[in-house]
Amino acid sequence: MAVPIRRLCVALTLCCALLAGSTACGNGEKASTKDTPAMQAVPVPTATPNPTTSAERQKFAKTRFVANAGLAAGATYQWIVKPWKAGKFKKGAHGRRTALVKAGLAGAFTYNRLKAARRNAEGDPTLSKALAPLGAGIDALKNLPSRLRSGDGDAAGAFDEIIGKVKDAGASAGAPVKEQVPSASQLTKGG
């Protein structure tokens, strides 16, 4: 007995919608629709740890800086510098369009992560001083993703140069940065 494909698609869509709806509706605990005044007065604990001492704040700042700068460096190398050195951005190159789209996404991701790394560095005095001269260079990366998408090969060199300076600044402040290649989903989300 043959079932039309349309019915199968409708049934599959409905099953997925029901499953997604039931998953999104709750976390398995029974909850009432009305909160009592006692329940409303109970504070909800935060999920993020709050450092209590200045030493802990500095440690978290360095850790976050290293993670964000590492992701920026990995994205830059994997999707901007490597294809640039291989000549993928030149007109007529095989896979040029794909390489340019990936480079544009990686450029936006890198800019986002470097801004986050700069904010993280503000929590550590040594790191803050080391990154202070790079602020203008990081801000200059804002327009480079569109230049990459248009095929400007010089933009790839600018990304490579800034990443090198951020790595050097991190190493001089005791926070060495190692490249971490982000996943494709991280690139599309922007971090």
Side-chain angles (χ1 to χ4, degrees), residues 43-89 98-150 152-191:
V44 177
T46 59
T48 57
N50 293 323
T52 56
T53 65
S54 63
E56 285 179 340
R57 278 190 219 108
Q58 289 177 7
K59 183 178 178 182
F60 283 139
K62 278 187 178 183
T63 303
R64 289 179 180 142
F65 166 79
V66 168
N68 284 319
L71 285 170
T76 299
Y77 180 74
Q78 183 70 30
W79 287 293
I80 298 174
V81 174
K82 220 162 105 174
W84 173 52
K85 288 182 178 178
K88 294 272 187 179
F89 298 152
T98 304
L100 287 174
V101 169
K102 287 179 181 179
L105 283 172
F109 178 84
T110 297
Y111 173 68
N112 184 353
R113 292 297 88 208
L114 285 177
K115 280 190 347 185
R118 188 170 64 180
R119 279 192 311 270
N120 297 141
E122 291 171 1
D124 182 63
T126 308
L127 201 52
S128 176
K129 287 177 188 174
L131 275 181
L134 300 178
I138 291 171
D139 290 337
L141 293 179
K142 185 175 185 174
N143 298 326
L144 288 180
S146 61
R147 286 178 47 196
L148 280 170
R149 276 178 265 176
S150 67
D152 186 0
D154 295 334
F159 271 103
D160 193 29
E161 181 182 336
I162 291 294
I163 290 296
K165 288 179 180 180
V166 168
K167 283 178 156 182
D168 292 343
S172 70
V177 176
K178 294 181 182 171
E179 293 176 3
Q180 301 172 10
V181 179
S183 67
S185 65
Q186 284 177 314
L187 273 184
T188 56
K189 290 178 186 175

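We're numbering straight along the sequence, starting at 1.
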Checklist entry - Got a salt bridge between Arg118 and Glu122, using NZ or NE/NH1/NH2 to carboxylate O under 4.0 Å? => result no
Item to check | Working for side-chain contact (heavy atoms from CB on, under 4.5 Å), residues Gln78 and Glu179 | outcome: CA-CA 9 Å; Gln78 183 70 30; Glu179 293 176 3; over 6 Å; no
Checklist entry - Looking at CD1 of Ile80 and CG of Asp160, how far apart are the two atoms once the value is rounded to the nearest 0.5 Å? => result 9.5 Å
Item to check | Taking every non-hydrogen atom, the tightest pair across Val166 and Ala69 | outcome: CG1-CB, 4.0 Å
Item to check | Ala173 backbone acceptor or donor facing Lys62 side chain under 3.5 Å | outcome: yes
Item to check | Heavy-atom pair of closest approach, residues Ala130 and Pro133 | outcome: O-CD, 3.5 Å
Checklist entry - Does the side chain of Asn143 come within less than 4.5 Å of Tyr111's, by heavy atoms? => result no
Item to check | Distance, nearest 0.5 Å, that separates NZ of Lys102 from NZ of Lys82 | outcome: 10.5 Å
Checklist outcome for this item: Distance col, row Lys165:NZ vs Ile138:CD1, nearest 0.5 angstrom, shows 10.5 Å
Item to check | Pairwise distance CD(Glu161) to OG1(Thr76) - rounded to 0.5 angstrom | outcome: 12.5 Å
Checklist entry - Are any non-hydrogen side-chain atoms of Val66 and Asn120 less than 4.5 angstrom apart? => result no
Checklist entry - Given the rule in the side-chain contact (heavy atoms from CB on, under 4.5 Å) test, do Phe109 and Leu71 qualify, once you have shown the distances and angles that lead to the verdict? => result CA-CA 9 Å; Phe109 178 84; Leu71 285 170; 4.0 Å; yes
Checklist outcome for this item: Between Ala169 and Leu127 the two heavy atoms that sit nearest each other are O-CD1, 4.4 Å
Checklist entry - Do the non-hydrogen side-chain atoms of Phe159 and Leu141 ever get within less than 4.5 Å of each other? => result yes
Next on the checklist: I need the minimum non-hydrogen distance between Ala99 and Phe89, along with the two atoms involved.
Outcome noted: O-CE2, 3.7 Å
Item to check | CG on Leu105 to OG1 on Thr110, rounded to 0.5 Å | outcome: 10.5 Å
Item to check | Heavy-atom closest contact (Pro182 atom, Gly74 atom, distance) | outcome: CD-C, 4.0 Å
Next on the checklist: I'd like to check Arg64 versus Arg119 (side-chain heavy atoms, cut-off strictly below 4.5 Å). Are they in contact?
Outcome noted: no
Item to check | Asp124 CG to Phe65 CZ distance, which is reported to the nearest 0.5 Å | outcome: 9.5 Å
Item to check | Sub-4.5 Å side-chain heavy-atom contact between Val181 and Trp79 | outcome: yes
